[in-house]
Amino acid sequence: MTTEIRTRFAPSPTGYLHIGGVRTALFCYLFAKKNGGKFILRIDDTDQTRNVEEALQPILDGLKWLGIDWDEGPGVGGPYGPYYQSQRNDKYQAAVDKLLEGGFAYRDYARPEELQQEREAAVAAKRTFVYSRRWAAYTEEECRKFEAEGRSGVVRLKMPREGKLVIHDLIRGDVEFDWATEQDHVIQRADGSFIYHLANVVDDHDIRISHVIRAEEHLSNTPRQIFIAQSLGLPLPQYAHLPFVAEPGSKTKLSKRKLDKYLKNSDFAKLVRQGTGIADRVGLETTADGFNPVIVDFYRQTGYLPEAILNYLALLGWALDDKSEYFMPNELISLFSFDGVTKSAASFDPAKLFAFQEKHMNNLPSDEKYARTVRYLVAAGWLKVLDGPYAGKTAFNELPDLFPAGTPLALTRHPEMAPESVAALLKGVIAGTGDRIKVSGDILDFVEFFEGDGDFPLDEKAWNKRLVSDPAAVGLLKEFRERLAAVSAAEYTHESLEALFMGFIEEKQIKPAQLIHALRVAATGKGVGIGMFEALELLGRERTLKRIDRVLALLNG
RNA sequence: GGCCCUGUCGUUUAACGGUUAGGACACGGCCCUUUCAAGGCCGCGAUACGGGUUCGAUUCCCGUCAGGGUCACCA
């Protein structure tokens with residue numbers, strides 16, 4: 001009999017998807033898919049004080065966006081549901097009863113402060129704390145006696161106090177523990193609710209998990225889980241404890257709460273600055289609670305590619321060989337194995353993540369780049385959607401990551417322009433920017449093509465340097481303007497414009513720089529940008545002339 | 001503090017007893033160039049320390065040190 005490979009990711013509904021969690025989910029997913037198995041999503045909501053649905057949605061959305069699809073779980077169901085722990089209490093109760101019956105657990109009536117005293121005494125005596133089990137109750141009668149004292153009971157595991165346990169970890173090899181160092185952990189609270197470890201073991205078995213793949217921080221918790229499983233007579237899954245994702249430049253676990261500290265890392269700060277710049281322009285909230293690189297939403301909103309994030313995260317703790325680094329998701333699936341997984345914690349490097357993003361973005365077909373940038377231009381107010389499911393919508397969160405091809409768009413500042421021309425312009429801008437757009441939101445750095453011709457903003461520094469304080473350049477610009485005016489609309493291409501320009505500077509015996517900077521500022525308002533002649537072609541003759549004339553008029557006035 | 005894990009350039013990793021210890025990102029320089037990117041070339045840069053085992057240790061063993069995790073009626 002061959003058993004199916006089944007892995008699970010079991011997030012608790014915290015309201016956001018942590019980047020470290022994604023890494024764990026990804027490895028679970030890759031291992032399952034590589035081996036033709038199933039990846040299951042289970043929700044660890046045993047702590048019921050939270051609003052589960054609301055706090056779960058961002059996590060489901062994030063995983064879906066990344067393409068980490070689950071075969072069983074919320075939304076898709078499956079044969080071993082329910083996939084919410086809060087709905088499985090009957091199973092946990094049955095397990096606790098069985099543990100009690102078998103003598104593997106007991107009811108305990110100790111008060112927290114009494115336990116605390118024992119603990120302190122142990123520390124003072126420099127010995128390992130071992131609960132005296134003084135308030136343990138094994139019969140109904142004992143229970144009633146303690147309850148009469150006003151005590152409330154919990155159920156504790158009755159851990160072995162001798163012998164050793166060896167865990168065969170797929171990544172770490174054999175790890176040995178002394179049973180004596182394990183505590184009598186609570187598995188059911190006084191209010192009858194259940195503790196995670198109990199629920200976890202019961203569910204992993206019920207849901208037929210074959211491989212428990214999780215972060216290293218759970219390694220120390222594994223003995224008690226094994227004890228529960230063995231006491232219940234359940235077969236053990238295979239374990240694989242992944243190194244966790246650490247802070248930039250440190251080995252401490254990455255946390256959502258320490259944004260201020262991470263901001264001192266210049267690469268991290270750079271990432272945040274870029275993201276915030278984009279989010280601000282498309283009208284998104286940028287509070288640290290929801291918008292920060294530890295949370296997946298940050299990347300989605302800034303315009304990262306899922307495949308880039310997956311690629312980077314896969315390399316954080318896994319390597320194929322000494323040279324390959326660039327992988328698409330399907331390649332990761334076919335190449336993944338525990339052999340390549342590292343043992344030590346890997347710190348999150350924002351600069352390297354960004355490098356992967358650049359690479360994947362540069363390999364993106366231009367149609368897809370187009371489909372991904374529209375959202376930013378619409379949300380920032382440069383474009384309007386004329387028809388289709390998103391007609392009239394402007395809020396970023398109401399717009400899709402990828403705009404459907406053929407959606408008719410209008411240019412806010414040039415309402416007269418036909419949708420086909422708008423689409424052609426945007427396509428041209430994307431082609432012109434080449435590899436300058438690193439994240440989809442970067443399109444907002446090239447909106448000079450969407451500005452009005454008579455009122456586009458002029459970069460102050462560039463304006464002063466290239467025009468105000470360079471009268472020679474202005475003279476040349478005036479003259480070159482006439483040459484441009486003489487070009488027919490059909491001839492107004494970057495090739496012929498470049499030829500025209502080169503002829504002009506040769507004739508004038510000058511270097512390109514003596515005119516081209518002035519021309520750029522006049523035509524785009526900026527000191528930097530895409531290739532000059534591509535820019536002129538995109539603008540077209542009429543718009544170029546209008547722009548130059550406006551600037552010339554400003555200089556005279 | 002007990003227990004557990006980890007320790008190769010700044011970061012991420014390769015080398016599974018024999019290499020001038022390799023790559024990528026970052027960084028520095030040069031080239032290209034109308035700006036900004038990109039690209040090309042070059043450079044900087046590591047086996048935590050101490051003992052063993054071995055003809056030979058990054059690799060195996062022991063110790064030290066360092067970092068991290070875990071010890072909740074959180075997950």
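In what follows, chains are A, B, ... by sequence order, proteins preceding strands, each numbered from 1. Computed from a predicted model, the values in this text were never measured in an experiment.
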Distance, [atom1] atom - from [M] to [N], rounded to whole angstrom:
N     : M     : atom1 : result
B:U20 : B:A15 : C1'   : 14 Å
B:C42 : B:U54 : P     : 43 Å
B:U34 : B:G22 : C1'   : 40 Å
B:C44 : B:C9  : C1'   : 10 Å
B:U53 : B:G10 : C1'   : 35 Å
B:G63 : B:A26 : P     : 41 Å

Using a 4.0 Å heavy-atom cut-off across all strands, classify [X] as base, sugar-phosphate, or nothing.
X      : answer
A:G529 : base
A:G531 : base
A:T342 : sugar-phosphate
A:K438 : sugar-phosphate

Distance, rounded to the nearest Å, where [X] contributes [atom1] and [N] contributes [atom2]:
X      : N     : atom1 : atom2 : result
A:M361 : B:A37 : CE    : P     : 18 Å
A:L242 : B:U6  : CG    : P     : 13 Å
A:D459 : B:C36 : CG    : P     : 14 Å
A:I309 : B:U12 : CD1   : P     : 19 Å
A:E176 : B:C4  : CD    : P     : 8 Å
A:D174 : B:C5  : CG    : P     : 10 Å
A:L56  : B:A75 : CG    : P     : 16 Å

Salt-bridge criterion met for A:D206 and A:R88 (N-O under 4.0 Å):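 Yes.
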Pairing of A:K465 and A:D470 as salt bridge, 4.0 angstrom limit: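 Here A:K465 does not pair with A:D470 in a salt bridge, since their nearest N and O are not under 4.0 Å apart.
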Identified pairing partner of [N], criterion: Watson-Crick or G-U wobble below 3.5 Å:
N     : answer
B:U54 : none
B:C3  : B:G69
B:U34 : none

Which protein N or O atoms sit under 3.5 Å from an N or O of nucleotides 60-62 of chain B?
none

Can you tell which of [options] lies closest to the side chain of [X]?
X      : options             : answer
A:A346 : B:C5, B:A75, B:U13  : B:U13
A:R436 : B:A75, B:U12, B:U35 : B:U35
A:F177 : B:U12, B:G7, B:C4   : B:C4
A:K343 : B:U6, B:U12, B:A38  : B:U6

Does the protein touch nucleotides 20-29 of chain B at the base, only the backbone, or not at all? Give it as B, S and - per nucleotide, heavy atoms under 4.0 Å. --BBBS----
Protein-proximity profile, nucleotides 66-73 of chain B, B/S/- by nucleotide at the 4.0 Å heavy-atom cutoff, equals -SSBSSSB
Verify whether one side chain among A:S12 and A:T14 offers a donor that lies under 3.5 Å from an acceptor in the other.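 Side-chain D/A pair, A:S12 to A:T14: absent.
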A:H241 and A:R214: side-chain donor and acceptor closer than 3.5 Å? yes
Taking the six-membered ring for Trp and the full ring for Phe, Tyr or His, determine whether the centres of A:F336 and A:F27 are under 6.0 Å apart.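 Ring-ring flag for A:F336/A:F27: true, centres closer than 6.0 Å.
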Is it true that atom CZ of A:R161 has more than 12 heavy atoms of other residues, nucleotides or ligands lying nearer than 6.0 Å? yes
